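Structure first, commentary second.
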Amino acid sequence: MKQHRFSFIPGFLFILSLIYPANQSPVYSKHGMVVSGSRWASEAGIEILKKGGNAVDAAAAIGFALAVTYPQAGNIGGGGFMVAYTSKGESFTLDFREKAPEAAYREMYLDENGEVIENLSLFSPLAVGVPGSVDGFLKAWRDYGSGKISRREILAPAIRLAARGFPITYRFAGFLNDRREFFERDDGARSIFVRKDGRPWKAGDRLVQKDLARTLKRISRLGRDGFYTGKVAELIEKEIREGNGIMTARDLARYESKYRAPVTGTFRDLEILSMGPPSSGGALLIQMLNMLEYFRLDTLGWNSADYIHLLTEVERRAYADRAEHMGDPDYWDVPLEMLTSKTYAKSRIQDISFSRATPSSEVSAGDPTAYESRETTHFSVVDRFGNAVSVTTTLNTSFGCGIVVEGAGFFLNNEMDDFSAKPGVPNVFGLVGKEANSIQPGKRPLSSMSPTIVLKNGAPFMILGSPGGATIITTVLQCILNVVVHRMDIQEAVSAPRIHSQWLPDVIMTEPRSISKDSERILVSRGHTLAPYRWGYIGQANGILIGKDGFYGGADPRGENAAVGY
Ligand code: DON
């Protein structure tokens with residue numbers, strides 16, 4: 001595979017390389033490209049593309065493969081979103097977000113005094129939303145696949161990886177060892193993710209997942225019925241019932257993913273296509289880009305004090321709107337037109353001053369639960385036919401609620417925590433919400449996932465997205481600005497250190513090496529508070545840039561993401 005540097009202005013890149021650590025070049029290819037959270041999954045996607053499948057076929061295969069090789073967030077027990085642009089010039093988004101079970105109710109996480117019961121929406125059977133991934137992957141494949149790749153072929157790589165196992169990396173071994181105590185709380189999780197002999201995992205060990213292989217075979221044979229009805233549905237219901245949860249086989253049978261119109265906007269000469277409600281991602285991304293368009297960004301310099309000040313002010317305003325206005329559009333009237341309008345953006349920036357920070361509000365900073373890891377995963381795919389697909393999936397926090405469905409071999413999500421359990425009480429990502437995102441039966445919790453496609457001259461130019469809870473949207477924003485304003489190649493754009501703010505808590509969160517000491521002093525003098533991001537690194541963005549001569553993949557070095565082309 002040929003490696004190319006995709007640089008707009010080489011001299012500028014040289015100067016940038018003095019500012020933050022240099023990294024590798026993007027991966028270049030001519031016929032297709034996949035960038036995902038796992039090399040195995042990226043290769044599964046390429047296998048499908050090489051067979052003549054299109055990017056949607058590949059995306060479905062990658063989604064199932066990630067359920068095996070990236071079990072902390074790749075999933076069949078969770079949900080996600082897909083944004084796509086087809087070779088016919090059509091775009092669509094598919095919402096396969098989890099739904100609240102029919103028996104869910106607004107106060108389900110509150111005690112008799114109306115206080116939120118710690119961890120109930122995170123690590124209990126009550127945390128589980130009705131999973132959407134299987135319906136989503138299969139629906140996209142059925143409706144937008146090439147028609148040349150059978151369901152059996154879509155699931156084959158995942159089944160192979162689960163049944164035969166795959167050798168784990170040093171990093172993944174450490175990751176599993178660190179979470180041993182978490183796995184030991186659940187019999188199903190222990191039996192798969194703790195080594196039988198009790199020893200720590202090491203690089204090169206094979207992770208075999210026989211039950212998961214059987215579940216995937218059922219899906220391969222029976223389609224969505226192999227998951228939402230019959231044996232697997234019975235096993236899920238049993239698992240939930242035994243823990244006094246509320247999700248039922250009826251909830252599963254009734255689940256359906258939904259096509260929704262993408263949210264669209266422009267930034268300079270580019271068009272933005274992204275995920276609309278029940279994700280807040282696309283609307284906020286467009287709102288922030290609209291606000292930023294009124295400033296002379298090019299004069300500010302990457303991560304200078306003025307640049308970070310401006311991003312923070314813009315983010316603060318957008319996230320305040322998120323908390324008030326955003327929720328599942330099937331249950332709440334989201335003012336999307338307002339949120340994404342240029343005029344509204346102009347009105348929102350009137351009180352931005354470069355000399356002082358605007359205090360977010362009187363509400364004190366939320367202190368998220370003492371949970372120390374979170375995961376979601378994003379993958380981007382392009383094919384030689386001109387299709388582009390951007391998918392983010394999640395179980396919410398790492399390995400979801402920690403419960404593996406016994407006999408079926410997969411983790412269940414804890415997406416219910418994305419609802420606002422009580423107005424003003426922050427969720428695990430410190431996000432607050434109100435009525436718009438309150439719990440109701442059948443409702444989808446508000447998300448920040450932002451799978452995005454940027455079009456230039458009416459054709460896909462950039463495909464990207466990221467995990468990171470609340471930081472997803474600002475991660476995607478910074479990656480776009482890194483390419484469009486700061487002229488980075490896609491590898492640099494996803495690697496460059498990031499900052500994040502979200503209205504509440506009123507803090508600029510920083511990654512290592514994201515900001516110089518003197519910029520920090522300037523920001524503090526304007527009234528900002530800065531703190532290292534509590535989980536260390538912000539997001540893991542996986543992106544593709546489409547150049548005149550081919551595809552350029554950028555895999556985020558913050559994890560074991562892999563760009564594979566052919
Ligand atoms: O949908 C959301 O916004 C969250 N459930 C995503 C969680 C996440 O990104 C965790 N990953 N780092």
Side-chain angles (χ1 to χ4, degrees), residues 34-38 41-42 59 62-63 65-67 69-75 77-83 96-98 122 132-133 136 171-172 175 179 274-275 279-282 284-285 368 371-381 389-400 411 413-415 417-418 427-431 445-452 463-480 493-500 502 509 511 533-544 554-563:
V34 178
V35 192
S36 86
S38 139
S42 295
I62 297 162
L66 284 167
T69 62
Y70 203 86
Q72 58 270 46
N75 69 76
F81 299 107
M82 175 182 288
V83 174
F96 49 99
R97 180 74 162 165
E98 299 90 329
L122 280 171
S133 295
R171 197 161 169 169
F172 191 61
F175 183 70
R179 281 151 189 80
S274 193
M275 194 64 221
S279 180
S280 60
L284 258 69
L285 176 67
Y371 185 66
E372 38 110 76
S373 169
R374 70 264 120 74
E375 281 286 350
T376 290
T377 191
H378 177 82
F379 58 92
S380 299
V381 194
V389 181
S390 191
V391 181
T392 314
T393 72
T394 191
L395 291 164
N396 195 25
T397 58
S398 204
F399 301 103
F411 278 104
N413 68 82
N414 53 1
E415 220 71 60
D417 188 67
D418 274 345
N427 72 0
V428 71
F429 299 107
L431 289 165
L446 184 61
S447 173
S448 301
M449 289 189 278
S450 315
T452 296
I463 297 100
L464 84 161
S466 175
T471 69
I472 292 172
I473 316 169
T474 56
T475 294
V476 172
L477 173 72
Q478 287 169 87
C479 291
I480 293 177
V494 299
S495 307
R498 297 187 267 263
I499 50 126
H500 169 73
Q502 58 182 51
M509 304 168 207
E511 265 193 329
Y533 183 56
R534 67 194 307 261
W535 286 302
Y537 288 98
I538 296 178
Q540 287 193 40
N542 284 330
I544 299 173
D556 198 316
R558 290 165 183 81
E560 291 186 303
N561 302 290

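The chain is numbered in sequence order, starting from 1. Given the structure is predicted, the values throughout are model-derived calculations rather than measurements.
- A distance of 6.5 Å separates CD1 of Ile538 from OG1 of Thr475, quoted to the nearest 0.5 Å.
- Heavy atoms only, all atoms of each residue included: Ser38 and Leu66 are closest at CB-CD2, 3.9 Å.
- With a 4.5 Å cut-off on side-chain heavy atoms, Thr377 and Gln540 do not count as touching.
- Between Met82 atom CE and Ser133 atom OG the span is 10.0 Å, to the nearest 0.5 Å.
- Heavy atoms only, all atoms of each residue included: Val35 and Ala563 are closest at CG2-CB, 3.9 Å.
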* Would you please test Glu560 and Tyr70 for side-chain contact (heavy atoms from CB on, under 4.5 Å) and show each step? => CA-CA 10 Å; Glu560 291 186 303; Tyr70 203 86; over 6 Å; no
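- When every heavy atom of Ser279 is checked against every heavy atom of Met449, the shortest pair comes out as OG-O, 2.5 Å.
- Side-chain contact between Leu284 and Leu477 is absent, with no heavy-atom pair separated by less than 4.5 Å.
- In the model, Ser42 has a side-chain atom that pairs as donor or acceptor with a side-chain atom of Ser36 under 3.5 Å.
- Side chains of Thr452 and Val83 form no contact here, defined as non-hydrogen atoms less than 4.5 Å apart.
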* Evaluation steps, side-chain contact (heavy atoms from CB on, under 4.5 Å), between Asn75 and Asn413 -> CA-CA 9 Å; Asn75 69 76; Asn413 68 82; over 6 Å; no
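- Looking only at side-chain heavy atoms (C-beta outward), Pro451 and Thr392 come within less than 4.5 Å of each other.
- Nearest approach of Ser450 to Ile473, heavy atoms of both residues: OG-CG1, 3.6 Å.
- In this structure, the separation between OG1 on Thr471 and CD1 on Ile499 is 11.5 Å, given to the nearest 0.5 Å.
- Between Thr376 atom OG1 and Asn396 atom CG the span is 6.5 Å, to the nearest 0.5 Å.
- A heavy-atom distance below 4.5 Å is not found between the side chains of Leu464 and Val494.
- Side-chain N or O atoms of Arg97 include one that pairs as donor or acceptor with a backbone N or O of Pro445 at under 3.5 Å.
- In this structure, Phe399 and Phe411 have tilted ring planes: the angle between them lies in the 30° to 60° band.
- Between the CG atom in Leu122 and the CG atom in Asn427 there is a gap of 8.0 Å [rounded to 0.5 Å].
- Here the side chains of Ser448 and Phe429 are not in contact, with every heavy-atom distance at 4.5 Å or above.
- Here the side chains of Phe379 and Val389 are not in contact, with every heavy-atom distance at 4.5 Å or above.
- Val391 and Ala59 get closest at one heavy-atom pair: CG2-CB, 4.3 Å.
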* To do: List the steps, then state whether side-chain contact (heavy atoms from CB on, under 4.5 Å) holds for Thr474 with Arg498.
  => CA-CA 9 Å; Thr474 56; Arg498 297 187 267 263; over 6 Å; no
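- Closest approach of Cys479 and Ala493 over heavy atoms only: SG-O, 3.7 Å.
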* To do: For the pair Phe172 and Gln72, evaluate side-chain contact (heavy atoms from CB on, under 4.5 Å) and give the outcome as yes or no after the intermediate values.
  => CA-CA 10 Å; Phe172 191 61; Gln72 58 270 46; 3.6 Å; yes
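- Residue His378 is tested with Thr394, Asp556, Asn542 for a side-chain contact (heavy atoms from CB on, under 4.5 Å); the sole match is Asn542.
- Taking 4.5 Å as the limit, some side-chain heavy atom of Ile480 sits within range of a side-chain heavy atom of Leu285.
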